[in-house]
Amino acid sequence: MEPEHAMLALAALAQPTRLDAFRLLVRHEPNGMAAGDIADALAVPANTMSAHLGVLLRAGLITSKRMSRSIIYRADLDRISNLVLFLLKDCCEGRADLCQPLLAQLAPCCD
């Protein structure tokens with residue numbers, strides 16, 4: 001991942017509603033959610049949610065697909081994986097033993 005792409009993604013997530021929306025979409029993988037359902041779940045007006053989803057789309061953190069009259073949004077797990085790897089690639093100057101506690105904390109979420 002290029003540093004510019006990482007900064008764009010991190011800037012998009014540096015706003016509470018967008019961070020909440022992204023985390024909500026991660027929880028609803030692989031089916032995603034309709035824009036209106038995201039707005040309802042977060043108690044955000046639809047037009048405001050639409051603007052936030054646009055920022056996340058431009059940052060490449062989510063994808064959208066029209067299904068009938070709805071737009072379904074999904075978290076782009078590959079993109080967030082690349083972002084996390086970018087941030088941790090040089091973890092502890094290559095000393096895997098120092099990174100092990102971090103990796104251990106991530107493991108339970110994937111069981």
Can you measure from CD1 (Ile71) to CG (Leu57) and round to the nearest 0.5 angstrom? 9.0 Å
Would you say Leu10 ends up clustered with Leu77 if hydrophobic residues are merged whenever their side chains have heavy atoms under 4.5 Å apart, either directly or through other cluster members? yes
Over all heavy atoms of both residues, which pair between Ala12 and Val55 is shortest? Give the atoms and the distance, please. CB-CG1, 3.9 Å
For residues 54-69, the salt bridge (charged side-chain N to carboxylate O under 4.0 Å, His left out) pairs (sequence neighbours left out) are none
Does Met1 belong to the same Ile/Leu/Val/Met/Phe/Trp/Tyr cluster as Leu8, with side-chain heavy atoms less than 4.5 Å apart forming each link? no
May I ask you to test the Tyr73-Ile38 pair for a side-chain heavy-atom distance under 4.5 Å? yes
Residues which pass side chain to side chain contact (heavy atoms under 4.5 Å, CB included) with Ala39, listed by chain and number, not counting sequence neighbours: Met49
hydrophobic_cluster_shared for Leu61 and Leu19, side chain cutoff 4.5 Å: yes
Show the atom names and distances, to 0.1 Å, of all donor-acceptor pairs under 3.5 Å that link a side chain in residues 79-86 to residues at least two apart or in another chain.
| unit_1 | atom_1 | unit_2 | atom_2 | d |
| --- | --- | --- | --- | --- |
| Arg79 | NH2 | Ala59 | O | 3.3 |
| Asn82 | ND2 | Asp78 | O | 3.3 |

Can you list the other members of the hydrophobic cluster that holds Met67, where links are side-chain heavy atoms under 4.5 angstrom apart? Ile72
Is there any side-chain hydrogen bond (donor to acceptor under 3.5 Å, both in side chains) pair reaching into residues 4-24, and which pairs are they, with sequence neighbours excluded? Arg18-His52
Can you pull the side-chain hydrogen bond (donor to acceptor under 3.5 Å, both in side chains) pairs that have at least one residue in residues 25-50, sequence neighbours excluded? Glu29-Arg74
For the CD1 atom of Ile62 and the CG atom of Leu53, what is their distance to the nearest 0.5 Å? 4.5 Å
